[in-house]
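No hydrogens, no waters, no symmetry mates; every other heavy atom, side chains included, goes into these values. For ligands, and for the atoms within them, numbers begin at 1 and follow the listed sequence.
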Amino acid sequence: MQAIYLDHAATTKLKPEALSKMLPYFTEVYGNANSQHAFGREAMAAVDEARDFIASAIGAKPSEIYFTSGGTEADNWALKGMVRAAAKKGKHFIISAIEHPAMIESAKALEKEGYECTYLPVLSDGTVNLQALKDSIRPDTTFIGVMLANNEIGTIQPVAEIVNIAKEYRIPVFTDAVQAVPAMRIDVKQLGVSAMAFSSHKFGGPKGVGVLYLKTGTPIAKMMTGGHQERTQRGGTTNVTGIVGMAEALRITLQEMDANNAKIASLRDYFVARVKAEIPEVIYNGSEKNRVPSNANFTFRYIEGESILFRLDLAGIAVSSGSACSSGSLEPSHVLLAIGLREGDAHGTIRFSFGAENTKEEVDYVVDTLKQNVQMLREMSPLYHK
Ligand SMILES: *Cc1c(COP(=O)(O)O)cnc(C)c1O
């Protein structure tokens, strides 16, 4: 059997339509998009077209779209840029305790500069505690950041409600929508956010390119000082191929969304039902209801996630323990601790993230392999007495 990819939350395969759109911009249309000649104009026309499409796809204006090198840069820029731009008003900001490391580490960097961060607790299903949010808002709070969908447990946050709370205090809300874009249609006006980040490679576009949506009039410090690109906010020669590929991937994603979501959710639900029924002592993490269709996150008690991952890898199955960004470190995932898992249980956790190309046969093979290996590892585990 071919290798089975169940790690779509880490990255996805480039869509063939995106690749064909990109190819001419590597070869024939290689101009610098900011050059004042035909080569440049042709490249800029493609970037403008991509910007217009992306803006309309999320209910924004083209002038509110800023291209970045991906989700990490967009998160860094939004948090640091908006917090620093508001330093005169106050030095306190709020993010959820389960944000991506791009947010958590940026918050820690700001704390070292003298800013103060409240890490909002979440309920056991990963939903932000709205009462805690209300309680943590202060007169000097200048920024609230809560992700739209979590990358480890898939929980979808009530961002529109958070915006409603923040509105009373005129605090801008930023949302990291990297995991949400492949899963749902997003309208920034309906959501009401001041800023939003997403990343091309999580929905079938090329790696190394993403978007920061920034509502007109939202104060932000520049990301990169340099040339006049991105209305002088983010200097650097425009990534024409990446931007063109990202826009095409988004177009296909939206076109296929309903059919793909239905398929992915039914595979995921079948997987979850089989695991719950056939493997004892598991915990299904995250929300049953408010969850992206691709995500299943299980704790297999008494054993190490890394050992499961390793054995699945040997069997040709690609999954992730916690999140790729924190694996390699011995620290348990901050997301799993925040939803109340004990440290030992957090270590025994695996994320399975499904895509439209997965099949029921693959899922059956994965569950069978998982069952055998979990049993074998438990028999070797000193923590498991059966
Ligand atoms: C992947 C991811 C990022 C980082 O995006 P990159 O483009 O890989 O830098 C940020 N936030 C979330 C929720 C993610 O899943």
- [ ] Would you indicate which of Val181, Asp176, Asp75 comes nearest to atom 13 (C) of ligand 1 when only heavy atoms are counted?
- [x] Asp176
Task: Among Ala102, Ala180, Gly71, closest by any non-hydrogen atom to atom 5 (O) of ligand 1 - done: Gly71
Task: Phe271 and Phe352 aromatic centres sub-6.0 Å - done: yes
I need the contact type for [X] against ligand 1. Using non-hydrogen atoms and a strict under-4.0 Å cut-off, is it side chain, backbone, both or neither?
{"X": "Glu73", "answer": "neither"}
{"X": "Lys207", "answer": "neither"}
{"X": "His201", "answer": "side chain"}
{"X": "Thr72", "answer": "both"}

Under 4.0 Å from a heavy atom of [X]: give me the atoms of ligand 1 that qualify, with their elements.
{"X": "Lys202", "result": "1 (C), 2 (C), 3 (C), 14 (C), 15 (O)"}
{"X": "Met147", "result": "13 (C)"}
{"X": "Gly70", "result": "7 (O)"}

TODO: Please confirm whether Gln179 comes within less than 3.5 Å of ligand 1 when only nitrogen or oxygen atoms on both sides are compared.
DONE: yes
Do [X] and [Y] pair up side chain to side chain, a donor and an acceptor below 3.5 Å, judged on atom types alone?
{"X": "Asp135", "Y": "Gln131", "answer": "yes"}
{"X": "Gln229", "Y": "Thr238", "answer": "no"}
{"X": "Thr349", "Y": "Thr299", "answer": "yes"}
{"X": "Thr118", "Y": "His92", "answer": "yes"}

Open item on the list: Do Arg342 and Arg301 have side chains that approach each other closer than 4.5 Å (heavy atoms only, starting at C-beta)?
Closed with: yes
- [ ] Taking the side chain as every heavy atom from C-beta outward, state whether Phe67 and Val211 have any atom pair closer than 4.5 Å.
- [x] yes
